[in-house]
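Notes for the one structure printed next.
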Amino acid sequence: MTQTLERPSLNNVLTAVGQILDVVGEERIGSMTFSSGAVIAIQPSHLEQGEAIARALGLTSFIEHTSVVPAVTDWSGTWAGAGQCEIHVRGIRPRGAAVS
């Protein structure tokens with residue numbers, strides 16, 4: 001038997017966007033994209049703020065894309081606010097930053 005997970009409605013995704021803006025602060029967001037597939041991507045106003053935004057949202061997993069200059073980091077995780085939305089935050093990590 002295959003279990004199908006119900007994805008959040010677009011209304012729930014929009015509610016999650018509002019919750020995220022409340023936590024992070026609208027002034028720190030450069031752009032945000034979202035889909036009815038419950039994926040929200042955040043581009044900070046300043047890439048240096050990416051890690052702080054990700055931490056504020058409780059995102060702990062990240063992938064560093066070192067083939068671009070400057071190296072860009074993509075933090076990701078699940079926002080449990082209105083439904084289970086997958087969140088991605090782009091940013092840059094300071095040179096020599098420890099990988100945790």
Side-chain angles (χ1 to χ4, degrees):
M1 180 167 108
T2 303
Q3 181 179 3
T4 303
L5 296 175
E6 188 175 326
R7 69 181 186 181
S9 68
L10 187 53
N11 187 51
N12 285 349
V13 172
L14 292 172
T15 299
V17 166
Q19 292 169 344
I20 289 166
L21 290 175
D22 287 344
V23 168
V24 172
E26 198 172 322
E27 70 284 350
R28 295 170 70 188
I29 304 296
S31 66
M32 184 182 279
T33 58
F34 53 90
S35 70
S36 61
V39 176
I40 300 172
I42 299 170
Q43 178 84 21
S45 298
H46 302 284
L47 286 176
E48 297 82 13
Q49 296 177 345
E51 185 170 12
I53 291 170
R55 288 188 189 282
L57 295 173
L59 308 180
T60 57
S61 298
F62 64 90
I63 297 174
E64 290 200 346
H65 303 278
T66 57
S67 62
V68 296
V69 176
V72 177
T73 304
D74 176 44
W75 286 270
S76 62
T78 302
W79 177 257
Q84 295 290 320
C85 294
E86 179 182 337
I87 310 294
H88 292 268
V89 177
R90 289 180 55 104
I92 57 174
R93 290 168 41 87
R95 279 195 163 197
V99 177
S100 52

**Prompt:** Considering residues at least two apart in sequence or located in another chain, which fulfil the side chain to side chain contact (heavy atoms under 4.5 Å, CB included) criterion with Ser76?
**Reply:** Ser61, His88
**Message:** Return the NE2 to CD1 distance between His46 and Ile92, rounded to the nearest 0.5 Å.
**Reply:** 11.5 Å
**Request:** Taking all non-hydrogen atoms of both residues into account, name the closest pair between Ile40 and Ala16 and its distance.
**Result:** CD1-CB, 4.2 Å
**Request:** Over all heavy atoms of both residues, which pair between Val89 and Pro44 is shortest? Give the atoms and the distance, please.
**Result:** CG1-CG, 4.4 Å
**Item:** Interatomic distance, Met32 atom CE to Leu21 atom CG [nearest 0.5 angstrom]
**Value:** 4.5 Å
**Prompt:** Between Asp74 and His65, is a side-chain contact (heavy atoms from CB on, under 4.5 Å) present by the stated rule, with each step listed?
**Reply:** CA-CA 8 Å; Asp74 176 44; His65 303 278; 3.9 Å; yes
**Request:** Would you give the length of the straight line joining atom CD1 of Ile42 to atom CG of Leu57, rounded to the nearest 0.5 angstrom?
**Result:** 5.5 Å
**Prompt:** Are the side chain of Ser45 and the backbone N or O of Glu27 linked by a donor-acceptor pair below 3.5 Å?
**Reply:** yes
**Message:** I need the Gln49 CD to Ile29 CD1 distance, nearest 0.5 Å.
**Reply:** 8.5 Å
**Message:** So Leu14 and Phe34, do their side chains get closer than 4.5 Å, heavy atoms only?
**Reply:** yes
**Message:** Distance check, rounded to the nearest 0.5 Å: Trp75 atom CH2 versus Arg55 atom CZ?
**Reply:** 8.0 Å
**Message:** Using the side chain to side chain contact (heavy atoms under 4.5 Å, CB included) criterion, which residues pair with Val72? Sequence neighbours excluded.
**Reply:** Val68, Arg90
**Prompt:** Going hydrophobic residue to hydrophobic residue with side-chain gaps under 4.5 angstrom, can you get from Ile87 over to Ile63?
**Reply:** no
